[in-house]
Protein chains: 2
Amino acid sequence: MQAKELNELIDIYTSAMNEVNRRVNILMNEQVHQELTSDQFATLRYVQKKQPCTSSDIAHEFAIGKSAVTAQINRMVERGLIDRQRDEEDRRIVYLSLTPTGEETMAEGTQRLYEVLGEILSEFSEQEIERFVQSLEKLVSILRKH
Amino acid sequence: MQAKELNELIDIYTSAMNEVNRRVNILMNEQVHQELTSDQFATLRYVQKKQPCTSSDIAHEFAIGKSAVTAQINRMVERGLIDRQRDEEDRRIVYLSLTPTGEETMAEGTQRLYEVLGEILSEFSEQEIERFVQSLEKLVSILRKH
DNA sequence: GTGAATAGTTTCATTATTGAACTATATTAA
DNA sequence: TTAATATAGTTCAATAATGAAACTATTCAC
């Protein structure tokens, strides 16, 4: 491919990617997790899946510092969404888990996530989605090497 | 497609998309725009392309409030990257443009953006990239309708 | 010419983030 | 066994991004 064409493709890629993120974000804020920020929703989702989950896991997963995680978790502990529990074996470690309220919030949010994204994805053919997701995953694996 | 499969695909899509954004962001911070935040780089890029560009344009483009734009532009004006110039016809309007320093910063950043993304995209076939970008754009157009 | 609309700013509160210093605990090696 | 080091997490201070509401200045419409 010629450099010029490639650069055009990069321009298209970056602006499309930005717009997708922006719009998905708006959609999520409006229809999926009104009561949470996008970061909080993502973190809760991760904590729920990982189980047991520590601050360091989150910091690593989202590539942010541990102090940022502490701040975010504090807010959610205050709002009764997350519990902290110290490991009795190794008392440096603090395990995070969803409170019943947190579980409930996430059950509803996840349900709406599936509905909203499902509706959007229904406009694509199965093959198209799979191909797209495959390319995304390939992109992830290349980015991991960098 | 069955609901279960679709939901799995949604899980894969969301986590892949999150990881791509996260890693691209890290890559950009490290190799493309060390001296700027991602938001600032995106805004400068937009101002440069749009020309003439107003605060309202930016607010609309990035789907954020005008007060958020004012705050961001202030920081970049202070750093000598952006100039404000009032329209003499309609004195409510303020045009934004890159200062020579801003232009220089963006010339370098854009160059590095092409290099870095070009290297990553070189691992894909031309057809694969085009298909992926097409799906992205289709996604954008569906999201616009929502 | 007055009232409504538009462009942008100010102010205030919240959230997210980094980096450095710090506490507490566990591990290792002399 | 203890002294040095590593690990897990928190605290603190600063910067950035953001929304909402109140505001200023200007233009437009009737």
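The structure displayed is predicted, hence computed values, not measured ones. So that the names make sense, note that chain A is the first sequence line, chain B the second, and so on, each numbered from 1.
- Listed nucleotides: C:dT9, D:dG19, D:dT10. Nearest to the side chain of B:A68: D:dG19.
- Side-chain proximity of B:D39 to the nucleotides C:dT10, D:dA17, D:dA6 is greatest for D:dA17.
- Closest approach of A:N25 and A:S38 over heavy atoms only: OD1-OG, 2.6 Å.
- The shortest distance between side-chain heavy atoms of B:S135 and A:E128 falls below 4.5 Å.
- Between B:R75 and D:dA17 there is a side-chain polar atom (N or O) within less than 4.0 angstrom of OP1 or OP2.
- Looking at heavy atoms from C-beta onward, B:L9 lies out of side-chain contact with B:Y13 at the 4.5 angstrom threshold.
- With the nearest nucleotide of DNA chain C identified for both B:T70 and A:V69, B:T70 has the one nearer the 5' end.
- Mapped onto DNA chain C by nearest heavy atom, A:K66 and B:A71 fall at different nucleotides, with B:A71 at the one closer to the 5' end.
- Residue contacts shown for B:R84 are limited to sugar-phosphate atoms, with no base heavy atom under 4.0 Å away.
- The CZ-C1' distance, from B:F41 to D:dA16, rounds to 18 Å in whole Å.
- Residue A:Q34 contributes atom CD, which lies 16 Å from atom P of D:dG19 at whole-angstrom precision.
- Taking atom CZ of residue A:R92 and atom C1' of nucleotide D:dT5, one finds them 11 Å apart after rounding to whole Å.
- Proximity of A:L113 to A:M28: side-chain heavy atoms (C-beta onward) are separated by under 4.5 Å at one or more points.
- Using a 4.0 Å heavy-atom distance criterion, B:T37 is classed as a sugar-phosphate-only contact.
- In this entry the distance linking CD1 of B:I73 with C1' of D:dA16 reads 14 Å, nearest Å.
- Regarding A:N29, its CG atom lies at a distance of 9 Å from the P atom of D:dG19, rounded to whole Å.
- In the model, B:E130 has no side-chain atom that pairs as donor or acceptor with a side-chain atom of B:Q134 under 3.5 Å.
- Between A:Q72 atom CD and C:dA16 atom P the separation is 5 Å, expressed in whole Å.
- Contact annotation for B:S56: backbone-only contact, meaning every heavy-atom pair under 4.0 Å involves sugar-phosphate atoms and none involves a base.
- Distances shown here put every side-chain N or O of B:S67 at or beyond 4.0 Å from the OP1 or OP2 atom of D:dA21.
- Between the CE atom of B:M76 and the P atom of D:dA17 there is a distance of 8 Å, given to the nearest Å.
- A:N21 places its CG atom 16 Å from the C1' atom of D:dA17, with the value rounded to the nearest Å.
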